[in-house]
2 protein chains.
Amino acid sequence: MRKEKEEVEVDSSTEAKIKEAARKMFTQKGYSATRTRDIAEEAGINLSLLNYYFRSKERLFQIVMNEKLELLFGILEPVVNDGGTSLEHKLEHLIQLYMNMLSENPTLPIFVMNELKNNQHPFEHKLSLKDFLHNSILAKQLNEKRPDLNPFHFLVNILGLCIFPYIAQPIFSATCLVNDMEFQQLMEERKKLIPKWTHTFLNTVFT
Amino acid sequence: MRKEKEEVEVDSSTEAKIKEAARKMFTQKGYSATRTRDIAEEAGINLSLLNYYFRSKERLFQIVMNEKLELLFGILEPVVNDGGTSLEHKLEHLIQLYMNMLSENPTLPIFVMNELKNNQHPFEHKLSLKDFLHNSILAKQLNEKRPDLNPFHFLVNILGLCIFPYIAQPIFSATCLVNDMEFQQLMEERKKLIPKWTHTFLNTVFT
DNA sequence: GTCTATAACCTGATAGAC
DNA sequence: GTCTATCAGGTTATAGAC
């Protein structure tokens, strides 16, 4: 029942090509600065096919955006609700997962945050950060170990340590603080450092 | 020689009104999504006056953007090069300064980072983060106390602790994690917490 | 499904009267 | 300096042939 060509086959259908081009152009330039002609050209297809397959620029954007939201926050869920691991292990796992995702999608956070800020699009926000913060297994484990720590600050700090350098990267580039290769090297270092910092944070009482 | 009405006088000249409207609209919706008509309407002036005073949308944007860059990074310079204070005092001062600036300009960082990422505009990047990192008095003091710490990671961590929650705020709103008032309250807490975390970080040897 | 042609509208910018 | 009117070009979307 499976297709003959199986191994890592890229979907070369017109629809897939358009979607892939849309992913690239939207994340690169944002919704407003991206023209449907940019997407069509990038995909190597005729402009009218975009509307044939996706009805409108807005609908195509919704599809891409939902994918990106899932990529940015959907990967949290399985980790924070893993019943078989310790708090420390969950945190290490989470950080590693995030840093790997970010090194492959460096502009993902700033794209998502900015489009949400601009607030021109209606979203079905099924993802519940609230649950992560108050009802997840990780939250319970954190509360058990450190009831004095505010889980909001804890989550924000860890995510910030991972995500912020990727958001600030355009500044680093523009001011020649670090070039792209140095940046990658520094992010590799952080993969090992952030778990250490987090561990210290978790075992320090702040007076 | 001074004007009669002196005290906190808002500049109500046409030019100033346009600039203020541009600040608001550009930071709110970004360069591409902002139309010159939006700015004119917000300023309560005729559309053609925008071109009369500023020649083009692009030039007006440049002016606003340079202001915002100065606001986001220019305030660092006097603090990191203050010769009369200790490392600890500098860091506390810097964090307080930044948190206050951010509570009054919550969308400033994401606006600046995103426009730099989109990279459609030429910029004179006179601001040298490189100097802050390697030649500032703060950098020297840090190197003296903790030569084992990478100043890049140190700077990124502190700025990230301050800035990241403001960047992620649209997510918090969209997912109803915290409303605007709760957010402000949490940021007030962080004003006191971040110096403590930083102090601990500065006095911990990570093995 | 894919193409060409074009409709319908929007946007930045300017000419010219006052 | 400020206004109205308008141009020239760009943008999304669709009609209709193949």
For A:Asn143, enumerate each residue passing the side chain to side chain contact (heavy atoms under 4.5 Å, CB included) test, keeping only those at least two apart in sequence or located in another chain.
A:Pro147
Partners passing side chain to side chain donor-acceptor pair (under 3.5 Å) against B:Tyr31 (at least two apart in sequence or in another chain)
B:Glu58
So B:Ser32, base contact, sugar-phosphate only, or nothing? Heavy-atom distance under 4.0 Å.
nothing
Could you list the protein-to-nucleotides 6-9 of chain D atom pairs, N/O on both sides, closer than 3.5 Å?
none

Enumerate the salt bridge (charged side-chain N to carboxylate O under 4.0 Å, His left out) contacts for residues 15-26 of chain A, please, sequence neighbours excluded, ordered by first and then second residue.
A:Glu20-A:Arg23, A:Arg23-A:Glu67, A:Lys24-A:Glu42
Are A:Phe201 and B:Phe201 close enough that their ring centres sit under 6.0 Å apart?
no
Nearest-angstrom distance from the residue atom CZ of A:Phe61 to C1' of D:dT11
17 Å
Nucleic acid contacts - residues 48-57 of chain A versus DNA chain D, non-hydrogen atoms under 4.0 Å
A:Ser48, A:Asn51, A:Arg55, A:Ser56, A:Lys57
Listed by chain and number, what are the side chain to side chain contact (heavy atoms under 4.5 Å, CB included) partners of A:Glu92, not counting sequence neighbours?
A:Pro195
Separation of D:dA13 P from A:Asp38 CG (nearest whole Å)
14 Å
List the atom pairs, donor and acceptor, that lie under 3.5 Å between side-chain atoms in residues 164-172 of chain A and the rest of the protein, sequence neighbours left out.
from	atom 1	to	atom 2	distance (Å)
A:Gln169	NE2	A:Ser173	OG	3.1
A:Gln169	NE2	A:Asp180	OD1	3.3

B:Arg35 has an atom CZ; how far is it from atom P of D:dT11, in whole Å?
15 Å
Checking all strands, does A:Ser13 fall into the base, sugar-phosphate, or nothing category for heavy-atom contacts under 4.0 angstrom?
nothing
Under the salt bridge (Lys or Arg N to Asp or Glu O under 4.0 Å) test, residues paired with A:Lys29 that sit two or more places apart
A:Asp38
Going 5' to 3' along DNA chain C, which are the first and last nucleotides with any atom under 4.0 Å from a heavy atom of chain B?
C:dT11 to C:dT14
Mind checking side chain to side chain contact (heavy atoms under 4.5 Å, CB included) for A:Asn81 and listing every partner two or more places apart, or none if nothing turns up?
A:Glu77, A:Ser136, A:Ile137
For A:Glu188, give me all partners under salt bridge (Lys or Arg N to Asp or Glu O under 4.0 Å), at least two apart in sequence or on another chain.
A:Lys191
Taking only residues two or more places apart in sequence or in another chain, which ones pass side chain to side chain contact (heavy atoms under 4.5 Å, CB included) with B:Arg55?
B:Arg59
For this output row, return yes or no: ring centroids of A:Phe111 and A:Phe26 closer than 6.0 angstrom.
no
